[in-house]
Amino acid sequence: MVQLWFPSAPTGTKEAEYIHPRTAQVLETGWAAPPGSLARIRTGATTGRRAPRLPTLVLLSHGRGSVRALTTSLAVELASHGHLVAALDHTHDSAAVGFPDGRLILGSLPAQPDDWDAQDRLEIETRAADLRFVADRLTERHTLRPRIGVLGHSMGGPAAAEAMRQDRRFLAGLNLDGGLFGTTVPDVGLDRPYLLLSSAPDHESWGRWRAVHHGFGRHLQLNGGGHLTGTDLPAYAEAIGLRAAWPAADWQYAFGTIAPDRGAEITRAYTVAFFGRFLAQRPAPLLRAPSRRFPEIEFRWSRGN
């Protein structure tokens with residue numbers, strides 16, 4: 001299932017829903033949130049138009065067991081800067097996927113597989129195939145081929161890297177706090193721009209990737225961030241009662257200590273700068289050196305200018 005976001009003049013059509021109602025029910029139950037909580041969230045976007053042909057395309061891949069809705073604010077932000085954005089739900093991986101024909105397909109990933117390495121390879125290969133398929137379908141009728149980037153959160157990060165390794169149409173990739181599991185990229189690197197924006201200081205797979213990567217590369221650490229800082233959830237987690245429902249350690253891991261609005265501002269700024277530079281050839285001074293505007297960002301590693 002794919003949802004497209006793109007720049008458009010204001011219309012009189014209805015507001016785009018944040019999440020499929022039946023998918024929302026699955027998440028609310030899993031999160032121990034009150035029923036109807038997610039229906040209150042607004043996207044600020046409208047629906048009803050056909051997507052235009054644009055020179056740039058960004059594909060979004062969610063985290064393991066998550067849903068595409070949690071990258072909505074990033075999708076809207078990128079669309080507002082002129083990109084066509086395609087947010088994927090990876091069926092059977094996503095917690096729940098609601099389809100227009102009424103089907104609801106629940107996630108079926110094993111919680112504790114017998115062989116994590118084999119499971120990671122299977123999941124990343126499947127996700128990379130999804131990304132390639134969506135790129136095929138969105139470009140097959142275009143005489144002008146868009147410049148394509150790919151963004152992934154958590155497990156979506158290594159999926160983005162693997163899609164780039166397999167398919168040279170993907171010109172740039174951004175990883176939001178994803179260990180590079182299930183892919184050979186940490187051993188062979190990439191020759192195109194790849195940015196890692198992490199909350200954790202380091203991971204053994206990131207060190208291996210840095211040693212062999214031979215394109216433009218950045219590892220930026222968001223100090224005070226949590227694993228879910230790059231998603232929408234910090235913006236409304238407390239309002240729907242998750243702080244009371246979740247163990248303190250889980251809350252700390254997910255959201256860190258940074259204020260939700262600040263974490264979102266920083267994530268969006270660096271995401272827009274990265275794809276603006278490598279897909280739209282716009283200047284991106286944020287990628288050159290630490291910024292006084294965003295002192296929370298630490299440049300842990302850089303390659304290329």
R192/R168 under side-chain contact (heavy atoms from CB on, under 4.5 Å): CA gap, chis, key distance, verdict: CA-CA 9 Å; R192 277 147 290 150; R168 298 197 64 81; 3.6 Å; yes
[X] with [Y], same ILVMFWY side-chain cluster at under 4.5 Å:
{"X": "V67", "Y": "W31", "result": "yes"}
{"X": "L78", "Y": "V2", "result": "no"}
{"X": "F6", "Y": "V134", "result": "yes"}
{"X": "M164", "Y": "L279", "result": "no"}
{"X": "L197", "Y": "F216", "result": "yes"}

Does [X] come within less than 4.0 Å of [Y], counting only side-chain N to carboxylate O?
{"X": "D191", "Y": "R165", "result": "no"}
{"X": "R42", "Y": "E15", "result": "yes"}
{"X": "D93", "Y": "R64", "result": "no"}
{"X": "E140", "Y": "R137", "result": "yes"}
{"X": "E125", "Y": "R121", "result": "no"}

Under 3.5 Å, side chain of [X] to main-chain N/O of [Y], donor-acceptor pair present?
{"X": "E28", "Y": "G36", "answer": "yes"}
{"X": "T267", "Y": "A264", "answer": "no"}
{"X": "S80", "Y": "E77", "answer": "yes"}
{"X": "T139", "Y": "R145", "answer": "no"}
{"X": "S154", "Y": "G156", "answer": "no"}
{"X": "R22", "Y": "G102", "answer": "yes"}
{"X": "R218", "Y": "G304", "answer": "yes"}
{"X": "D89", "Y": "V97", "answer": "no"}

Going by the side chain to side chain contact (heavy atoms under 4.5 Å, CB included) test, name the single residue among T231, L176, L174, D232 that passes it with L74. L176
Member of L70, I41, L27 meeting the side chain to side chain contact (heavy atoms under 4.5 Å, CB included) criterion with I19: L27
Do [X] and [Y] make a side-chain contact, defined as non-hydrogen atoms from C-beta onward lying under 4.5 Å apart?
{"X": "V26", "Y": "L104", "result": "yes"}
{"X": "E298", "Y": "P290", "result": "no"}
{"X": "F294", "Y": "R262", "result": "yes"}
{"X": "L228", "Y": "Y253", "result": "no"}
{"X": "E17", "Y": "T47", "result": "no"}
{"X": "I258", "Y": "I266", "result": "yes"}
{"X": "H214", "Y": "L190", "result": "no"}
{"X": "F181", "Y": "D117", "result": "no"}

Nearest non-hydrogen partners of [X] and [Y], listed with the distance:
{"X": "T91", "Y": "M1", "result": "OG1-N, 4.3 Å"}
{"X": "S37", "Y": "I240", "result": "CB-CG2, 3.6 Å"}
{"X": "V212", "Y": "P186", "result": "CG2-O, 3.4 Å"}
{"X": "A95", "Y": "G65", "result": "CB-O, 3.2 Å"}
{"X": "A159", "Y": "L131", "result": "O-CD1, 3.8 Å"}
{"X": "T43", "Y": "A16", "result": "OG1-O, 2.8 Å"}

Please report the interatomic distance [atom1]([X]) to [atom2]([Y]), rounded to the nearest 0.5 Å.
{"X": "H62", "Y": "L88", "atom1": "NE2", "atom2": "CG", "answer": "7.5 Å"}
{"X": "Q3", "Y": "L60", "atom1": "CD", "atom2": "CG", "answer": "10.5 Å"}
{"X": "E296", "Y": "L220", "atom1": "CD", "atom2": "CG", "answer": "12.5 Å"}
{"X": "T23", "Y": "Y18", "atom1": "OG1", "atom2": "OH", "answer": "11.5 Å"}
{"X": "L196", "Y": "D202", "atom1": "CG", "atom2": "CG", "answer": "8.5 Å"}
{"X": "H92", "Y": "T126", "atom1": "NE2", "atom2": "OG1", "answer": "10.0 Å"}

Begin with the C-alpha distance, continue with both residues' side-chain angles, and end with the deciding distance and a verdict on side-chain contact (heavy atoms from CB on, under 4.5 Å) for N175 and L151. CA-CA 6 Å; N175 176 349; L151 182 158; over 6 Å; no
Donor on one side chain, acceptor on other, [X] and [Y], under 3.5 Å:
{"X": "D177", "Y": "S198", "value": "no"}
{"X": "T56", "Y": "H83", "value": "yes"}
{"X": "N223", "Y": "Q221", "value": "yes"}

Can you establish whether the number of heavy atoms outside [X] located under 6.0 Å from its atom [atom1] is more than 12?
{"X": "D115", "atom1": "CG", "result": "yes"}
{"X": "F99", "atom1": "CZ", "result": "yes"}
{"X": "D101", "atom1": "CG", "result": "yes"}

Assess whether side-chain contact (heavy atoms from CB on, under 4.5 Å) is satisfied between R303 and R210, documenting all intermediate values. CA-CA 9 Å; R303 188 185 192 281; R210 294 191 301 258; over 6 Å; no
I would like to know whether F275 and V85 meet side-chain contact (heavy atoms from CB on, under 4.5 Å); could you show each step before the answer? CA-CA 11 Å; F275 288 116; V85 181; over 6 Å; no
Decide yes or no on side chain to side chain donor-acceptor pair (under 3.5 Å) for S61 and H153, but give the supporting numbers first. CA-CA 6 Å; S61 179; H153 169 251; over 6 Å; no
Is the distance between the ring centroids of Y270 and F274 under 6.0 Å? no
Only one of F299, W301, W206 passes ring-ring contact (aromatic ring centres under 6.0 Å, His included) with H219; say which it is. W206
In terms of relative ring orientation, are Y194 and H213 parallel, tilted or perpendicular, with 30° and 60° separating the classes? tilted
Using 30° and 60° as the class limits, which term best fits the ring planes of W246 and F255: parallel, tilted or perpendicular? parallel
